[in-house]
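Heads up, the thing below is written out as C-alpha cells.
One is the number of the first residue; the rest follow in order along the sequence.
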Amino acid sequence: MAADYVVETGKALPLGATLTGRGVNFSLFSRHAEEVTIVLFENAEKNSPYKIIKLDSEKNKSGDIWHCHVNGITEGNCYLYKVNGPYIPEEGLRFNPHKSLIDPYAKALTSLSEWNIGASLGYDPSDPAIDLSFSQKDNLDNQPRCIVVNDDFDWQGDRPLNYPLRFSILYETHIKGLTAHPDSGIEHKGTYQGVIEKIPFFKDLGITSLEFLPLQEFNDKEFPRLNTRTGEWLVNYWGYSTAAFFAPKGSYSSDSSPGGQVREFKTMVRELHKAGLEVILDIVFNHTAEGNEMGPTFSFRGLDNQIYYILNENRRYYQNYSGCGNTMNCNHPVVRQFIIDCLHYWVSEMHVDGFRFDLGSILGRDQQGRLMENPPTLELIAEDPVLSHTKIIAEAWDAGGAYQVGWFPGGRWAEWNDRYRDDVRLYWRQDPGQTRHLATRISGSSDLYLRDGRKPFHSINFITSHDGFTLQDMVSYNHKHNEDNGEENRDGSDNNCSCNNGEEGVTIDMMIKQTRKRLLKNYITTMMISLGTPMILGGDEMGRTQGGNNNAYCQDNKISWYDWSLLEKNKGLYRFVKEIIAFRLRHHGFMRPEFYTGRNGNYNAIPDITWFDALGKTPEWDTIGYCMALRMDGSRAEILADKDDNDFFIMFNAGSKRTLFSVCTPLAGKRWVRSVDTALPSPEDILLPGTEKDLAYPDRYTVQARSMVILISKQHDS
C-alpha cells in the first residue's frame with residue numbers, strides 16, 4: 001500500500017466514497033461518534049496491504065459529517081470504517097472501535113462467502129453480561145470490504161421505461177432461482193447475465209415488468225441451521241435481510257472483478273429496457289441484517305445505533321415491528337434522507353423503474369413506533385420529483401400489527417392487495433358466500449381504493465407471490481409441507497385458502513389432474529380480466545411446484561429454482577397463460593383507469609358493467625351460489641382507456657356441476673363469439689384473434705364445472 005497518499009480535508013457531500021479524478025472523497029454520518037478511522041485496502045484480496053487514516057474532528061468534520069479526500073485512490077480499491085464513541089447499551093449507544101464497519105452508502109462489497117458474523121459481535125458472548133459486555137476482538141480480516149466504484153457506464157441512451165401501472169403486467173421472480181436449475185438452458189446460471197439470456201422467454205410470455213426479490217447485498221449464510229432431512233446447511237435465499245442498500249449482490253454477478261456486479265447489473269437493466277421490459281426492485285427498508293441486541297455490529301449499529309433504529313423504552317432493546325429483530329427508524333430525518341438518497345441512486349444511476357417496499361407500513365411509524373396519519377417519509381417518496389414517474393408499491397402491513405390495505409398514506413402509492421388474493425382463492429375453492437366478493441375484486445376493489453381518490457390500477461392484483469404456495473401447489477395441497485426448513489413445519493402460514501382437489505400432492509388420478517388444470521387457468525384468467533395491475537409469480541406460467549413448501553425462504557436448491565423442463569411438460573398451460581396476457585393487453589377495457597359506475601355511458605344505452613345470475617337475471621347476492629356472469633361495455637374504453645374495445649360477456653362457474661347460462665342479447669348488428677373456455681383442452685381453451693367460434697345457440701352457453709368462459713362481441717358478417 002502506498003505510504004505517501006495525501007489526505008486532504010474533503011467535502012461533507014455527497015455521502016459515501018466518490019471518485020473525483022484525483023482520488024476519492026470519503027464522507028460518513030455519525031452524530032455521536034468521538035473518533036472515525038478509515039481503513040484503506042490496496043485491493044479486494046483478503047490479505048491485501050492496508051493503510052489507516054484517522055480523521056481530525058476539527059478539520060475533517062462538518063456538523064455530523066466526517067469526511068476527507070485521499071489522493072491516488074482509484075476504482076477497485078477497498079475500504080472500511082472504525083468508529084469510536086460511548087458504549088452504553090442501556091442508553092442505545094453501541095460504538096466499538098474494534099469492529100470494522102461497512103459504509104451505508106457503499107456501492108459494492110467484496111465477497112460475503114467467508115463472512116464470519118460471529119467476529120462482528122460488539123459484545124463478548126462468553127461474558128455473563130452478554131450484550132452489556134464489550135468485545136475487544138478485532139474483526140478486520142473477517143469483514144467484507146466496501147469497493148470504490150466508478151459510476152461511468154455506456155447506457156447507450158437508456159432511460160427508465162416507466163410504463164403506466166394500468167398498462168403493466170408484473171412478473172415477480174428471484175434473480176438466482178430464475179436460471180440456476182441445470183435445465184435452464186443458459187450459460188450464466190443464477191446471475192444478472194442469466195436474466196439477459198432469458199429475455200426471449202419474457203418477450204414470448206408477454207409480461208411488461210420484472211419485479212425482482214431483494215438483490216441489495218445480503219449475507220446468504222446467516223442461518224446456522226441444518227435441513228434435518230438432507231443434512232445440508234440452510235441459507236437466506238430470499239434476501240430479506242439487507243447488509244448494504246446501495247450495493248447489488250455480488251454473488252448474482254458472473255463478473256467477479258471488483259465492482260463487476262455493478263457493471264453487470266447495469267448491463268442487465270439496459271438490455272431489459274431495450275427489450276421493452278421494466279425493472280422493479282423489492283427493497284427492504286424496514287430492518288437490517290444486524291438483528292436485535294444479540295446481533296452483529298457491522299454498519300448502522302456501530303455508526304449511530306439510536307438514530308438508525310427504533311429502540312425500546314429500555315434503550316438496550318429494539319422495537320421489532322419487522323419480525324426480524326430490529327426496526328429502521330424511517331421517520332428520523334437522517335434515515336429519511338438515507339432512504340431518499342438510496343432510491344435516487346437506484347433510479348438515477350442504475351435506471352430502475354420502480355420499487356416494492358417490503359413491510360411498507362414500517363415506513364409510516366414514528367420514532368416511538370406509532371403509526372402516523374401523515375408520515376413524512378411516505379409523503380416525501382410519493383412527492384419526490386426524481387421519483388415522480390417511478391412505480392412505488394407498498395406491502396401495506398408489517399409484523400407489528402399494522403394493516404393498511406386500502407388506507408396506505410402518501411397519495412399515489414399502489415399496494416399489494418391481499419384481499420384480492422384471498423377472495424379470488426376462496427371463490428374458486430368453493431367457499432360459500434364468496435361470489436359477491438369476487439365481483440368486488442374483479443371491479444377493481446372500489447371498496448378499498450375509491451374512498452381516498454385512488455384508481456383501480458393502485459390495486460396490485462395477485463393470486464400467488466414468493467411468500468406462500470405456488471399456483472400449482474395451491475391446487476395440489478391442503479396443508480403446507482415445510483419440513484425441509486428445519487423448523488418442524490411450524491414456519492409458514494397455515495391460512496393458504498388452498499385445496500388439493502382430492503389428493504395431497506402429486507397424483508395419477510386423471511380427474512383430479514384435469515380439475516387442477518382448469519383451476520390454474522381460472523386463476524390467471526380472473527386476474528387478467530380484473531381492473532387493477534396484475535402480478536404473476538414467476539414459474540406459475542409453467543406449473544412450477546415447491547412440493548408444498550409455502551415458505552421456501554431458506555431453500556437455495558431445486559425446491560425454489562425454476563424447472564425449465566416444465567415448459568414442455570406443461571406447454572398447454574404455458575400457451576394459455578401467454579395468450580391470456582396478450583388478450584388483456586389487446587383489450588383496453590380491462591385496463592380502464594376509472595372504476596365502473598354501473599351507469600350508462602355517453603354513447604350507449606347499456607351500463608358500463610352489468611351483473612347477472614346464471615338465468616340472466618339481476619343477482620340476489622346472498623343466494624347466488626357459485627354461478628355469476630357480467631357484461632362489460634367496451635365502448636367506454638374510447639373515453640376511459642384510450643381505445644375502443646369489444647363488449648364482453650364473462651361467465652363464472654366455481655360449482656361442481658355444469659350449468660346452462662342465459663346469455664344476454666348483444667348490441668344491434670353484433671353477435672357473441674367464444675374466445676376463452678377454460679374447460680376445453682389446448683388450443684381450444686383460448687382462441688387467437690380472428691379464430692373465435694360462433695355459439696351453437698346465441699342466447700345460451702353451457703359452462704362446465706370449475707371453469708369460466710369469455711365471449712366477445714363481433715360485427716355480424718355482411
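D353 and K391 are not joined by a salt bridge, as no carboxylate oxygen comes within less than 4.0 angstrom of a charged side-chain nitrogen. Ion pairing between a basic and an acidic side chain is recognised when a charged N comes within 4.0 Å of a carboxylate O; D138 and K82 show such pairing. Looking at D563 and K558, no side-chain N of the basic residue comes within less than 4.0 Å of a carboxylate O on the acidic one, giving no salt bridge. Comment: E172 does not engage R356 in a salt bridge, judged by the lack of any side-chain N to carboxylate O separation of less than 4.0 angstrom.
Looking at every heavy atom in both residues, L109 comes nearest to A244 through CD1-CB, 3.9 Å. Across all their heavy atoms, N496 and N550 have their closest contact at OD1-ND2, 3.0 Å. Here the shortest heavy-atom pairing between H174 and Y237 reads NE2-O, 2.7 Å. Across every non-hydrogen atom of L80 and L101, the tightest pair is CD2-O, 3.5 Å.
Using a 3.5 Å distance cut-off with no hydrogens or angles, the side chains of D358 and N286 do pair a donor with an acceptor.
Looking at residues two or more places apart in sequence or on another chain, you find a side-chain contact (heavy atoms from CB on, under 4.5 Å) between E114 and K46. Judged as a side-chain contact (heavy atoms from CB on, under 4.5 Å), and not counting sequence neighbours, the contacts of R490 are E488. Contacts of Y562 classified as ring pair (Phe, Tyr, Trp, His ring centres under 6.0 Å), with partners at least two apart in sequence or in another chain: none. Remark: E487 engages R225, D491, Y553 in a side-chain contact (heavy atoms from CB on, under 4.5 Å) (not counting sequence neighbours). Residues that satisfy the side-chain contact (heavy atoms from CB on, under 4.5 Å) test with L13, not counting sequence neighbours, are L15.
The aromatic ring centres of F408 and H458 sit 6.0 Å or more apart. The six-membered or imidazole ring of F26 lies near that of Y79, with a centre-to-centre distance under 6.0 Å. Between F246 and W346, the distance from one ring center to the other does not fall under 6.0 angstrom. Between Y240 and H466, the ring center distance clears the sub-6.0 Å criterion. Remark: aromatic rings of Y105 and Y345 are distant, center separation not under 6.0 Å.
With hydrogens and angles disregarded, a donor-acceptor distance shorter than 3.5 Å links the side chain of E197 to the backbone of H188. Between the side chain of Y252 and the backbone N or O of F265 there is no donor-acceptor pair closer than 3.5 Å. The main-chain N or O of D384 is never found under 3.5 Å from a side-chain atom of S388 such that the two would form a donor-acceptor pair. No donor-acceptor pair closer than 3.5 Å links the side chain of D418 to the backbone N or O of R421. The backbone N or O of G325 sits less than 3.5 Å from a side-chain atom of N320, completing a donor-acceptor pair. E290 places no side-chain N or O within donor-acceptor distance of the main-chain N or O of G295, the cut-off being under 3.5 Å. No donor-acceptor pair under 3.5 Å is formed between the side chain of Q261 and the backbone N or O of S256.
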Would you give me the side-chain donor-acceptor pairs under 3.5 Å for residues 212-220, sequence neighbours excluded?
residue: E217; atom: OE1; partner: G250; partner atom: N; Å: 2.9
residue: E217; atom: OE2; partner: K249; partner atom: NZ; Å: 3.1
residue: N219; atom: OD1; partner: K221; partner atom: N; Å: 3.1

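Atom NE2 of H389 sits in a sparse spot, with 12 or fewer heavy atoms from other residues, nucleotides or ligands closer than 6.0 Å.
Rounding to the nearest 0.5 angstrom, the gap separating the CG atom in D304 from the CG atom in N329 is 11.0 Å. Separating the CG atom in L566 from the CZ atom in R544 is a distance of 9.5 Å, to the nearest 0.5 Å. To the nearest 0.5 Å, atoms CG (N461) and CD1 (I463) are separated by 8.0 Å. To the nearest 0.5 Å, atom CD of residue E415 and atom CZ of residue F357 are 13.0 Å apart. In this structure, the separation between CD1 on I186 and NE2 on H181 is 12.5 Å, given to the nearest 0.5 Å.
Both the sub-6.0 Å distance and the 45° axial angle are satisfied by R145 relative to the ring of F41. The side-chain tip of K198 points at the ring of W564 from less than 6.0 angstrom away and within 45° of straight on.
Taking the six-membered ring where tryptophan is involved, the planes of Y308 and F338 are perpendicular, since the angle between them exceeds 60° and thus also 30°.
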Apply side-chain hydrogen bond (donor to acceptor under 3.5 Å, both in side chains) to residues S459 and N417 and explain how you reach the verdict.
CA-CA 6 Å; S459 172; N417 187 351; 2.9 Å; yes

Decide yes or no on side-chain hydrogen bond (donor to acceptor under 3.5 Å, both in side chains) for D158 and Q156, but give the supporting numbers first.
CA-CA 6 Å; D158 177 73; Q156 301 174 7; over 6 Å; no

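Using a 4.5 Å heavy-atom threshold, the side chains of V24 and V70 count as separate.
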